[in-house]
*Asks:* 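Handing you this structure, nothing more for now.
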Amino acid sequence: MPSVKTPRLTLRPFTLDDTDALFDLMSRPEVARWSGRGVPMVDRQEAVERIERMPVRRGDHPAADVFAVVPHDVEAPVGMAVLVPVPSSEGFDRDDHEIGWHLHPDVWGRGYATEAAKALVERAFTAGIPELYAVTNPDNVRSQAVCARLGMTDLGLRHDWYDRELRAFRLDRP
């Protein structure tokens with residue numbers, strides 16, 4: 001199940017040909033502040049290394065991956081969407097999958113994050129994943145709005161994942 005098509009997007013695995021697009025995305029402070037480390041990439045080599053680690057990040061589930069978000073009318077990715085295992089915080093024994101997204105500011109407000117996330121929800125549930133989580137920085141209201149549009153339940157502030165306080169959302173398979 002390598003790629004996902006939506007009416008406007010193709011979600012596909014990243015390749016090294018996407019290095020410049022990923023670096024452009026994750027070197028932007030307004031995007032990187034919401035990512036795992038919270039700091040922008042400063043070197044193109046960081047993007048290469050991140051793409052090379054993506055097969056490990058996706059875990060063992062056949063539906064999971066880190067996807068390049070590519071509108072049908074362009075060739076280069078305008079963002080990324082993930083369906084991956086979410087690391088439990090120390091002291092928690094969880095086996096969860098998360099969905100997430102990072103989009104280039106030039107395409108904010110076009111509904112790409114919601115469209116990509118809906119496609120990944122369908123992919124996950126079709127493949128037997130029983131529930132999905134989204135974990136956001138407590139101040140990331142844009143991503144929290146996407147979670148609301150997906151119909152996710154707001155679980156409030158939690159410490160279950162990534163060893164830090166995050167605002168968590170859950171969606172159960174129907």
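Atoms considered below: every heavy atom in the structure, side chains included; atoms not considered: hydrogens, waters and symmetry mates.
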*Asks:* Which heavy atom of Ile129 sits nearest a heavy atom of His61, and at what distance?
*Replies:*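 That would be CG1-NE2, 3.5 Å.
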*Asks:* Do any pairs count as a salt bridge (Lys or Arg N to Asp or Glu O under 4.0 Å) and have a residue in residues 139-149, sequence neighbours left out, and if so which ones?
*Replies:*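 Residue pairs with at least one partner in residues 139-149: there are none.
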*Asks:* Are any side-chain N or O atoms of Arg58 and backbone N or O atoms of Met54, one a donor and one an acceptor, separated by less than 3.5 Å?
*Replies:* no
*Asks:* Quick one, Val84 with Val66, criterion side chain to side chain contact (heavy atoms under 4.5 Å, CB included). Give me CA distance, side-chain angles, the key distance, then yes/no.
*Replies:* CA-CA 7 Å; Val84 293; Val66 179; 4.0 Å; yes
*Asks:* Please list all pairs meeting salt bridge (Lys or Arg N to Asp or Glu O under 4.0 Å) that have one or both residues in residues 152-161, counting only residues at least two apart or in different chains.
*Replies:*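 Sorted pair list: Arg94-Asp160, Asp154-Arg167, Arg158-Asp160.
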*Asks:* Is Glu75 reaching over with its side chain to a backbone N or O of Val70, donor-acceptor style, under 3.5 angstrom?
*Replies:* no
*Asks:* Is it true that atom CG of Asp93 has more than 12 heavy atoms of other residues, nucleotides or ligands lying nearer than 6.0 Å?
*Replies:* no
*Asks:* Other hydrophobic cluster members with Val141, side-chain heavy atoms of Ile/Leu/Val/Met/Phe/Trp/Tyr under 4.5 Å, chained?
*Replies:* none
*Asks:* Which heavy atom in Leu132 sits nearest to a heavy atom in Leu83, and how many Å separate them?
*Replies:* CD2-CD1, 3.6 Å
*Asks:* Checking His97 side chain against Pro130 main chain: does a donor-acceptor pair fall under 3.5 Å?
*Replies:*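 The answer is no, because no donor-acceptor pair under 3.5 Å joins these two groups.
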*Asks:* Can Arg57 and Glu98 be counted as an ion pair, charged N to O under 4.0 angstrom?
*Replies:* yes
*Asks:* Quick one: name the residues clustered hydrophobically with Trp161, using the 4.5 Å side-chain heavy-atom rule over I, L, V, M, F, W, Y, and just say none if it's on its own.
*Replies:* Val86, Tyr133, Val135, Leu155, Tyr162, Leu166
*Asks:* Determine whether Leu16 and Leu11 fall in the same hydrophobic cluster, where Ile, Leu, Val, Met, Phe, Trp and Tyr are linked whenever their side-chain heavy atoms lie under 4.5 Å apart.
*Replies:* yes
*Asks:* Between Pro85 and Gly59, which heavy-atom pair has the shortest distance, and what is it?
*Replies:*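 Minimum heavy-atom separation between Pro85 and Gly59: CG-CA, 4.0 Å.
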*Asks:* Can a donor-acceptor pair be found, under 3.5 Å and without considering hydrogens, that links the side chain of Glu115 to the backbone of Arg8?
*Replies:* yes
*Asks:* Please check if any side-chain donor atom of Thr136 sits under 3.5 Å from a side-chain acceptor atom of Trp34, or the reverse.
*Replies:*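 No, Trp34 and Thr136 have no side-chain donor paired with an acceptor closer than 3.5 Å.
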*Asks:* Salt bridge or not between Asp65 and Arg123? Use side-chain N to carboxylate O under 4.0 Å.
*Replies:*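 Result for this pair is no, no salt bridge flagged.
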*Asks:* Under 3.5 Å, which donor-acceptor pairs do the side chains of residues 36-43 form with other protein atoms, sequence neighbours left out?
*Replies:*
{"from": "Arg37", "atom 1": "NH2", "to": "Glu46", "atom 2": "OE1", "distance (Å)": "3.2"}
{"from": "Asp43", "atom 1": "OD1", "to": "Gln45", "atom 2": "N", "distance (Å)": "2.6"}

*Asks:* Please lay out, stage by stage, how Asp96 and Glu131 fare under the test side chain to side chain contact (heavy atoms under 4.5 Å, CB included).
*Replies:* CA-CA 8 Å; Asp96 301 315; Glu131 61 191 7; 4.0 Å; yes
*Asks:* How close do Ala117 and Ile99 get, heavy atom to heavy atom, and via which atoms?
*Replies:* CB-CD1, 4.4 Å
*Asks:* Quick check: are there more than 12 heavy atoms from other residues, nucleotides or ligands sitting under 6.0 Å from CD of Glu90?
*Replies:* no
*Asks:* CG/Asp17 to OG1/Thr19 distance, rounded to the nearest 0.5 angstrom?
*Replies:*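 Taking CG in Asp17 and OG1 in Thr19, the distance rounds to 7.5 Å.
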*Asks:* To the nearest 0.5 Å, tell me how far Arg50 CZ sits from Ser35 OG.
*Replies:* 6.0 Å
*Asks:* After noting the C-alpha distance and the side-chain angles of Trp108 and Val31, does the key distance pass the side chain to side chain contact (heavy atoms under 4.5 Å, CB included) rule?
*Replies:* CA-CA 11 Å; Trp108 287 357; Val31 175; 4.2 Å; yes
*Asks:* Side chain to side chain contact (heavy atoms under 4.5 Å, CB included), that's the test. Do Phe14 and Leu22 meet it? Break it down for me.
*Replies:* CA-CA 9 Å; Phe14 275 87; Leu22 181 62; 4.2 Å; yes
*Asks:* Side chain of Glu30, backbone of His104: donor and acceptor closer than 3.5 Å?
*Replies:* no
*Asks:* Work out which heavy atom in Arg12 is nearest to a heavy atom in Thr15; give both atom names and the distance.
*Replies:*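 So the minimum-distance heavy-atom pair works out to NH1-N, 4.4 Å.
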*Asks:* What are the two closest non-hydrogen atoms of Pro13 and Asp18, and how far apart are they?
*Replies:* O-OD2, 4.2 Å
*Asks:* Report yes if some heavy atom in the side chain of Trp101 is under 4.5 Å from a heavy atom in the side chain of Val69; otherwise report no.
*Replies:*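 No; the side chains remain at least 4.5 Å from each other.
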*Asks:* In the structure I gave you, are the side-chain heavy atoms of Leu9 and Pro71 within less than 4.5 Å of one another anywhere?
*Replies:*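 Leu9 reaches Pro71 side chain to side chain.
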*Asks:* List in chain and number order the residues that pass ring pair (Phe, Tyr, Trp, His ring centres under 6.0 Å) with His102, two or more places apart in sequence or in another chain; answer none if no residue qualifies.
*Replies:* none
*Asks:* For Glu49, look at atom CD and say whether over 12 heavy atoms of other residues, nucleotides or ligands are found less than 6.0 Å away.
*Replies:*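 Yes, CD of Glu49 has more than 12 neighbouring heavy atoms, counting only those of other groups under 6.0 Å.
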